[in-house]
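Along the sequence shown, residues are numbered consecutively beginning with 1. Computed over heavy atoms, backbone and side chain alike; hydrogens, waters and symmetry mates excluded.
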Amino acid sequence: MTEQSGTKRDASAMSSPVTKALIYGGKTGWIGGKMAVLLEEHGAEVILASARCENRADVAKELDEVKPSHVFMAAGITGRPNIDWCEDHKPETIRTNVIGTLNLADLTNERNIHCTIYATGCIFKYDDAHPLGSGIGFTEEDVPNFDESFYSQTKGYMEPMLKCYPNCMILRVRMPISDDLSHRNFITKIVKYERVVNIPNSMTVLYEMLPASLAMAKKGLTGVYNFCNPGVISHNQCLDLYKKYIDPTYTYKNFTLEEQAKVLKAGRSNNELDATKLMKDMPDDIKINDILTAVELCMQRMQKNLTEEFGPLPDSLPKEVRKN
C-alpha cells in the first residue's frame with residue numbers, strides 16, 4: 001500500500017544509496033546530461049528515460065520496468081533561445097512543465113521512489129520585504145511573487161502542488177553557470193547580448209551544486225530547497241570575471257530594467273534566495289562556496305577547459321562569443 005500524498009515522510013526513511021537512477025531529460029537536456037555523467041562516475045547504473053513525462057501511462061510502465069532506486073527529473077521547457085518562446089507556446093509549456101512534472105511526482109510517490117526535481121527560483125522578484133542589496137533573501141516558505149513571464153507562472157503554480165508529495169526534493173535552480181560554452185550557461189548567454197542589466201542575483205554553479213544534489217538525494221532529503229550558492233553576484237561581476245580569465249578584449253554595455261523591458265516579450269526575475277536551509281541540511285562532505293568564489297573558480301576551470309579544447313585564448317574562441 002502506498003502512502004497518501006501530503007503525509008510527512010522522514011528523510012531517514014528515504015535515505016539510501018543511488019544504485020539505479022532513471023533520468024528524465026537525460027537524453028537531450030543539459031542538466032540531465034550532466035547528472036548522467038556524474039551518477040555514472042559515482043558507480044550508479046544510469047537509465048535515460050525514453051517515455052515522455054507528459055504521457056502518464058508510458059511513465060508508469062517505464063518506472064515499473066526499470067524499478068529505479070531514484071528518479072531525477074530534469075526535463076522542462078525553458079524556450080529557445082530564451083523564455084520569451086513560452087509566451088507564444090503556452091500549451092507546449094504546460095504539457096511538460098506542469099503535466100509532465102506532476103506525473104513524475106505522483107507516480108514516483110505511489111511507488112515510494114525518491115524523486116529529485118530540478119525546478120527554478122525564478123519565481124520571485126525583489127520587493128519591500130526583500131529589497132535589492134539588503135541581504136534579505138526569500139526563504140523556502142515564501143510564496144512566489146513573480147509572474148511576469150508565462151514560464152515563471154507555470155513554475156509558480158507547480159511548487160505548492162509539488163510540496164504535497166513527501167517523496168520529492170524540489171530544487172530551486174537559478175541562472176545556472178557551467179565551465180564551458182554551452183548555450184544554456186548563463187554567462188555564455190549574457191556574453192552574446194549587446195547590453196545587459198546589472199543586478200545582483202542568486203545563481204547556481206553546476207560544478208558544485210550538481211554533486212550536492214546527488215548527496216542530498218542519497219540522504220533522502222525532501223521538500224523545497226533554494227538551490228543556489230550563498231550570496232549574490234551581478235551581471236557585471238560575472239562579465240568582469242569572464243574578461244579576466246577568458247577574453248581580456250571583451251567589452252559590454254549596461255542598460256536599465258525599463259530599457260530591457262522594451263526588447264523582451266516577458267519580464268525577468270531578479271532576486272536573492274536565502275541559502276540557510278540548504279547549508280544546514282547539506283551533507284558534511286559537500287563543499288559549497290559563496291557565489292563570488294564559486295564563479296571565479298568556474299572561470300578558472302573554463303579557462304583551462306577552453307584552452308585545452310580550442311588553443312590559446314582569446315584568439316581561439318568561437319566567433320559567436322567574440323565581439324571584437
* Asked: Any donor-acceptor pair under 3.5 Å linking the side chain of Lys192 with the backbone of Lys189?
  -> no

* **Donor + acceptor pair across side chains of Asp274, Thr139 (<3.5 Å)** => no

* Applying side-chain contact (heavy atoms from CB on, under 4.5 Å), run through Tyr225 and Asp281 and close with a yes or a no. => CA-CA 10 Å; Tyr225 284 90; Asp281 291 354; 2.7 Å; yes

* **Electrostatic pair Glu110:Arg56 at N-O distance under 4.0 angstrom** => yes

* Asked: Backbone N or O of Val98 within a donor-acceptor pair of the Thr101 side chain at under 3.5 Å?
  -> no

* **Arg301 atom CZ: more than 12 heavy-atom contacts under 6.0 Å** => yes

* **Min side-chain heavy-atom separation Gln300-Asp179 under 4.5 Å** => no

* Asked: So, for Ala36 and Leu48, which heavy atoms are closest and what is the spacing to 0.1 Å?
  -> CB-CD2, 3.9 Å

* If you measure only the distance, is there a donor-acceptor pair under 3.5 Å linking the side chains of Asn198 and Asn254? -> no

* **Side-chain donor or acceptor of Asn271 paired with backbone N/O of Ser269 under 3.5 Å** => no

* To do: Spell out, as yes or no, whether a donor-acceptor pair under 3.5 Å connects the side chain of Thr96 to the backbone of Thr93.
  => no

* Atom OH of Tyr207: over 12 foreign heavy atoms under 6.0 Å -> no

* Asked: Going from CD1 on Ile94 to CE on Met158, what distance comes out if it is rounded to the nearest 0.5 angstrom?
  -> 11.5 Å

* Asked: Judged by atom type as modelled, is there a donor-acceptor pair below 3.5 Å linking the side chain of Asn97 to the main-chain atoms of Tyr151?
  -> no

* Structure fact -> Value for CZ (Arg172) from CZ (Phe124), rounded to nearest 0.5 Å, stands at 4.0 Å

* **Any side-chain donor near an acceptor of the partner, Asp106 and Tyr165, under 3.5 Å** => yes

* **Rounded distance [0.5 Å steps], SG in Cys228 versus CD1 in Ile233** => 12.5 Å

* Structure fact -> Nearest heavy-atom approach of Cys86 to Phe150 is O-CD2, 3.9 Å

* Asked: If you measure from NZ on Lys243 to OG1 on Thr251, what distance do you get to the nearest 0.5 Å?
  -> 7.0 Å

* Do Asp147 and Tyr157 meet the criterion of a side-chain donor-acceptor pair at a distance under 3.5 Å? -> no

* Asn226 side, atom CG; Glu272 side, atom CD - distance, nearest 0.5 Å -> 10.0 Å

* To do: Determine, step by step, whether Tyr252 and Asp240 satisfy the side-chain hydrogen bond (donor to acceptor under 3.5 Å, both in side chains) criterion, reporting the C-alpha distance in whole Å, the side-chain angles of both residues, the deciding distance to 0.1 Å, and the verdict.
  => CA-CA 9 Å; Tyr252 62 89; Asp240 287 344; 2.7 Å; yes

* Kindly give the heavy-atom pair with the smallest separation between Ala21 and Val18, and that separation in Å. => CB-CG1, 4.1 Å

* To do: Could you pull out the closest heavy-atom pair between Ala51 and Tyr24, with the gap in Å?
  => O-CE2, 3.6 Å

* To do: Provide the closest heavy-atom pair for Ala74 versus Tyr118 in the form atom of the first, atom of the second, distance.
  => CB-CD1, 4.0 Å

* Structure fact -> Value for OG1 (Thr222) from CD1 (Ile117), rounded to nearest 0.5 Å, stands at 11.0 Å

* To do: Would you indicate whether the side-chain heavy atoms of Asn109 and Asn167 approach each other to under 4.5 Å?
  => yes

* Asked: Quick one: does Glu320's side chain get under 4.5 Å of Leu181's, heavy atoms only?
  -> no

* Are Leu273 and Phe227 side-chain neighbours, meaning at least one heavy-atom pair lies under 4.5 Å? -> no

* To do: Would you check, one step at a time, whether the test side-chain contact (heavy atoms from CB on, under 4.5 Å) holds for Lys34 with Arg184?
  => CA-CA 12 Å; Lys34 286 183 176 295; Arg184 295 290 195 189; over 6 Å; no

* Asked: At their closest point, which heavy atom of Gly137 faces which heavy atom of Asp142, and how far apart are they?
  -> O-OD2, 4.4 Å

* Would Leu39 and Phe72 satisfy side-chain contact (heavy atoms from CB on, under 4.5 Å), going step by step from the backbone distance to the final call? -> CA-CA 11 Å; Leu39 283 155; Phe72 294 84; 4.0 Å; yes

* Do Trp30 and Ser182 have side-chain heavy atoms sitting under 4.5 Å apart? -> yes

* For Ser50 and Lys27, test the side chains for any donor-to-acceptor distance below 3.5 angstrom and give the result as yes or no. => yes

* To do: Test Thr293 against every option in Asn289, Ile291, Val295 by the side chain to side chain contact (heavy atoms under 4.5 Å, CB included) rule and name the one that passes.
  => Asn289

* Asked: Within a reach of under 6.0 Å around NZ of Lys304, are more than 12 heavy atoms found that belong to other residues, nucleotides or ligands?
  -> no

* Answer whether the closest heavy-atom distance between the side chains of Ile177 and Asn185 falls below 4.5 Å. => yes

* Audit row: Asn236, Val196, side-chain contact (heavy atoms from CB on, under 4.5 Å) steps and yes/no -> CA-CA 8 Å; Asn236 284 14; Val196 296; 4.1 Å; yes

* Can you find a heavy atom in the side chain of Pro211 that is under 4.5 Å from one in the side chain of His42? -> no

* **The single option from Lys219, His70, Met73, Met216 passing side chain to side chain contact (heavy atoms under 4.5 Å, CB included) against Met169** => Met216

* Asked: Heavy atoms, side chains only, cut-off 4.5 Å: are Glu148 and Lys125 in contact?
  -> yes

